[in-house]
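Just below is one structure, and these are the notes that go with it.
These numbers come from a predicted model, not from an experiment.
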Amino acid sequence: MEYRGPKRIRATQKPMPEILHPEDAIVRVTRSCICGSDLHLYNGNVPDTRVGQTFGHEFTGVVEEIGSEVTKLKVGDNVLVPFNIACGKCIFCKQGLFGNCHEAASQASAAGGFFGYSHITGGYDGGQAEYVRVPYANVSPTVIPPGMDIEDAVLLTDVVPTGYQAAEMGGIQTGDTVVVFGAGPVGIMAARCAWLFGAGRVIIIDKEDYRLEFARNYSKCEAYNFQEIGDPVVFIKKQTDWIGADVCIDAVGAEAAGNALQTITGRKTLLQAGSATAVHWAINSVRKGGVVSIVGVYGPTDNLVPIGNVLNKGITIRANQTAVKRHLPRLIEHVQNGVLNPKGLITHRLALEDVADGYRMFSAKLDNCIKTVLIPSTAGM
Ligand SMILES: NC(=O)c1ccc[n+]([C@@H]2O[C@H](COP(=O)([O-])OP(=O)(O)OC[C@H]3O[C@@H](n4cnc5c(N)ncnc54)[C@H](O)[C@@H]3O)[C@@H](O)[C@H]2O)c1
Ligand SMILES: [Zn+2]
Ligand SMILES: [Zn+2]
């Protein structure tokens with residue numbers, strides 16, 4: 001696929017990617033997903049998103065070719081490829097901050113390298129394609145364990161680790177009340193994972209009734225429509241004896257709805273880098289001394305965020321792009337033991353050629369869409 005400008009995506013023929021560096025591999029894609037992060041690109045909200053870019057940062061594939069310095073993979077391996085491109089050697093990678101690699105997007109000091117994202121994250125072509133060039137192939141790509149369903153594997157490239165890290169960054173203590181804003185795949189997974197860290201009560205907030213219903217079943221949590229509960233901050237205070245939630249997770253990011261001023265300045269006119277509505281609600285409904293964990297993506301420039309409330313309430317804010325590789329050993333085990341069921345999030349399977357329909361459906365929340373997987377005709381499985 002390629003990007004043609006805001007809300008314009010098309011399936012097209014592109015040249016076969018080639019090995020450009022001895023640590024590169026070429027992977028034939030078997031599955032790739034459309035993510036909420038792709039919607040920021042699709043809507044034209046991410047600076048330096050170039051026409052002609054191939055999106056897609058959640059994919060599995062078969063190794064077709066390797067560069068002369070690739071030792072960890074061999075031709076024919078079935079791999080899952082984390083969305084971060086990480087060198088494995090810089091000071092940040094060495095600390096396990098694989099979402100913040102200093103080499104993979106070396107022109108940008110804020111963002112790490114990602115597949116299929118804008119040029120501020122390196123401008124690498126992504127996996128909504130038949131073939132992809134995978135740089136630093138010794139670092140992040142991981143052989144899919146025998147017996148693992150490929151649909152579980154593809155969700156280990158982003159959604160599962162991101163939901164897990166959202167809960168982890170919340171520092172959840174036994175019995176805590178955790179509120180998750182956003183019932184997309186990431187928020188649903190964050191709510192599911194909050195229980196693994198010992199939450200006593202998990203609440204999810206969104207405006208799409210079908211997603212709230214899905215979250216009730218999948219994540220076994222309470223779910224409320226913010227268009228029906230009045231002010232969500234007051235609602236959460238009421239739910240918690242006027243104390244506030246112990247942990248609030250923002251799994252919405254820059255496309256947030258629910259506040260006209262934020263929507264106009266953050267989404268329509270781009271006077272700020274995305275609408276900060278969900279992060280506002282999270283800061284204002286967490287208790288004093290509580291933790292706000294942000295995985296919803298915002299642009300690198302300024303947002304209207306209530307920093308005074310952060311200060312006066314003594315809130316800890318933790319946020320990051322997920323370090324997928326760091327979580328894989330534990331999460332692979334959770335999938336193998338049946339603790340997590342990633343493929344249960346998948347509602348739609350489309351041919352790669354129908355990628356434009358996939359974006360339209362996911363973006364407009366049509367046909368009860370939660371997660372869409374694209375299958376190239378060359379997948380062979
Ligand atoms: N940090 C990371 O590493 C990482 C990884 C993957 C995704 N993300 C980000 O996580 C976010 C969610 O991803 P997704 O795939 O679940 O996206 P999604 O678009 O499917 O889900 C977002 C949901 O938020 C809801 N929403 C809108 N405004 C809201 C508000 N004010 N309060 C509560 N809910 C609101 C929408 O109705 C939608 O259901 C995106 O911003 C994405 O970029 C971050
Ligand atoms: Zn993603
Ligand atoms: Zn690095």
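- Within a 6.0 Å radius of CG in Asn337, more than 12 heavy atoms belonging to other residues, nucleotides or ligands are found.
- A ring-centre distance under 6.0 Å is found for Phe92 and His102.
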For residues 338-345, which side-chain donor-acceptor pairs fall under 3.5 Å, sequence neighbours excluded?
{"residue": "Asn341", "atom": "OD1", "partner": "Gly344", "partner atom": "N", "Å": "3.3"}
{"residue": "Lys343", "atom": "NZ", "partner": "Asp152", "partner atom": "OD2", "Å": "3.4"}

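- If you check the side chains of Thr30 and Thr60, you find a donor sitting under 3.5 Å from an acceptor.
- A salt bridge links Arg50 with Asp48: the distance from a Lys NZ or Arg NE/NH1/NH2 to an Asp or Glu carboxylate oxygen falls below 4.0 Å.
- Through chains of ILVMFWY side-chain contacts below 4.5 Å, Met381 is grouped with Val62, Ile150.
- Judged as a salt bridge (Lys or Arg N to Asp or Glu O under 4.0 Å), and not counting sequence neighbours, the contacts of Glu213 are Arg216.
- A salt bridge between Glu103 and Lys94 is absent, with no side-chain N of the basic residue lying under 4.0 Å from a carboxylate O of the acidic one.
- Between Arg349 and Glu151 there is a salt bridge, since a side-chain N of the basic residue sits under 4.0 Å from a carboxylate O of the acidic one.
- No hydrogens or angles considered: a donor-acceptor pair under 3.5 Å links the side chains of Thr322 and Thr162.
- Other members of the cluster containing Met169 are Val186, Val295, with ILVMFWY side chains joined at under 4.5 Å, either directly or via other members.
- For Lys14, the side chain to side chain donor-acceptor pair (under 3.5 Å) criterion is met by Thr54, not counting sequence neighbours.
- Ion pairing between Arg28 and Glu130 fails under the 4.0 Å rule for side-chain N and carboxylate O.
- The salt bridge (Lys or Arg N to Asp or Glu O under 4.0 Å) search around Arg133 returns Asp24, not counting sequence neighbours.
- Within 6.0 Å of the CD atom in Gln13, the count of heavy atoms belonging to other residues, nucleotides or ligands does not exceed 12.
- Contact check on Arg10 versus Glu2 returns a salt bridge, with a Lys/Arg side-chain nitrogen under 4.0 Å from an Asp/Glu carboxylate oxygen.
- Remark: the backbone N or O of Val252 is paired with a side-chain donor or acceptor of Asp250 at under 3.5 angstrom.
- Of the candidates Trp242, Tyr224, Trp281, Phe226, Tyr224 is the only one forming a ring-ring contact (aromatic ring centres under 6.0 Å, His included) with Phe235.
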